[in-house]
Amino acid sequence: MPELPEVETLARELNGVLVGRSIVRAEVCWPGTVAAPDPEVFIRRLAGRRIGEIRRRGKWLLLGLEGEEWLLIHLRMSGRLAVEGADAPEDTHTRVVFYLDDGQRLRFSDPRKFGRMALTARPEEWLGDLGPEPLDPALTPERLAGMLRGRRGRLKPLLTDQRFLAGLGNIYADEVLWRAGLHPLRRADTLTPEEAARLHGAIREVLERAIARRGTTLADQRYVLPDGRPGEFAAHLVVYGREGASCPRCGASIVRARVGGRSAHFCPQCQRG
DNA sequence: CAACCGACCTGTTCGC
DNA sequence: TGCGAACAGGTCGGTT
């Protein structure tokens, strides 16, 4: 499931391929993917537009278009972006296709149809109430400690709350908490300054390592790079999806529990309540 | 503010 | 073997 490292990787890879290209034509195969404007308007407004910079904010991908507009894309659960030649095979889950001026196309496929895109001059309205970027240098250990202070909720649901921090999902929240040695059910406002600093360090390290490996491609193979290559961080996951495996730090068996309506994976030995 | 629910979706896995 | 139920989890809106 695409989270910050996967979207960051996409932004970087697409920058090298798409910047300077123009969209000759857009095709909407499933209208539900296009949140705004109406698909006909979306198609008309995209024709002939040149792509400038490509950015990421949280789990959103932002494609800057000449003329002060942005094409926002959120992959949600199963979205995939691929840059491919005209001879690429069909994909039954194709939702939107952008034909480029060099003969290639950018394909958005999404089996579960949760992904969304929007063409807008005001991206803030679509990004919603997003928290700070976890890798922003302005997010110091002290500032994170301050953010935790007023929160009575549990760490795991808090880390995946996009209004608290932008970009963490289920996989990386579990990995971060293991690295920090903190229990997913720990109340946020009970962390000592040292623990908050540990959490801060774990967030940075896990995300930076995952980006360096170009993200996590699980066995389901949904997330891949624009050229179809998989991300390589799955082999470095310690707890996520590894119930019953032994903790590399203490040897105890990784457990899986239900936290905030979804699965949390952690080491019961070195992540104490 | 916190916790929980259903809705949105479909491909995969599980239990009988 | 085959079938339906449960599950996977990002986000939103609603309720308690």
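Heavy-atom basis, side chains included; hydrogens, waters and symmetry copies ignored. Residue numbers begin at 1 in each chain, while the letters A, B, ... track the order of the sequences.
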Kindly say if A/K113 contacts the phosphate of B/dT10, meaning a side-chain N or O under 4.0 Å from OP1 or OP2.
yes
Should the pair A/R249 and A/W178 be classed as cation-pi, given the thresholds of under 6.0 Å to the six-membered ring centre and 45° from the axis?
yes
Nearest to the side chain of A/R262, heavy atoms from C-beta on, is which of B/dG11, C/dG10, B/dA3?
C/dG10
How is A/G153 classified with respect to the nucleic acid when contacts are heavy atoms under 4.0 Å: base, sugar-phosphate, or nothing?
sugar-phosphate
Taking the P atom in each of B/dG11 and C/dC12, what is the distance between them to the nearest angstrom?
24 Å
Does the side chain of A/H74 get closer than 4.0 angstrom to OP1 or OP2 of C/dT11 through an N or O atom?
yes
A/I51 and its side-chain contact (heavy atoms from CB on, under 4.5 Å) partner, picked from A/V17, A/L18, A/N15:
A/L18
d(CZ, A/R76; P, B/dA7) in whole Å:
17 Å
Just checking A/R154: base, sugar-phosphate only, or nothing, at a heavy-atom cut-off of under 4.0 Å?
sugar-phosphate
From C-beta outward on A/K59, which listed nucleotide comes closest to its side chain: C/dT11, C/dG9, B/dG11?
C/dT11
If you only use heavy atoms from C-beta on, which nucleotide in B/dT10, B/dC8, B/dA2 is closest to the side chain of A/R112?
B/dT10
Would one find a side-chain N or O of A/H93 under 4.0 angstrom from OP1 or OP2 of B/dG11?
yes
Starting at the 5' end of DNA chain B and moving along, which residue's nearest nucleotide shows up first, A/R152 or A/T92?
A/R152
Report which part of the nucleic acid A/R95 touches: base, sugar-phosphate, or nothing (heavy-atom distance under 4.0 Å, all strands).
nothing
Atom P, compared across C/dA6 and B/dC5: separation rounded to whole Å:
15 Å
Of the options C/dT11, B/dG11, C/dG10, whose atoms approach the side-chain atoms of A/Q162 most closely?
C/dT11
Rounded to whole Å, the NZ-C1' distance (A/K156 to C/dG9) equals 10 Å
Within 45° cone of A/Y99 ring axis and under 6.0 Å: A/R25 NZ or CZ:
yes
Where the side chain of A/P111 is concerned, which of B/dG11, C/dG10, C/dG9 is the nearest nucleotide?
B/dG11
Within the 4.0 Å heavy-atom criterion, would you say A/S78 contacts the bases, only the backbone, or no part of the nucleic acid?
nothing
Looking at A/R151, does any N or O in its side chain come under 4.0 Å of the phosphate oxygens OP1/OP2 on B/dA2?
yes
Are there more than 12 heavy atoms of other residues, nucleotides or ligands under 6.0 Å from atom CZ of A/R50?
no
Backbone N/O of A/T9 and side chain of A/E13: donor-acceptor pair under 3.5 Å:
no
Which residue, A/Y240 or A/W126, contacts DNA chain C at a nucleotide closer to its 5' end, judged by nearest heavy atom?
A/Y240
For a quick check of understanding: with a heavy-atom distance under 4.0 Å over all strands, which category does A/W30 fall into, base, sugar-phosphate or nothing?
sugar-phosphate
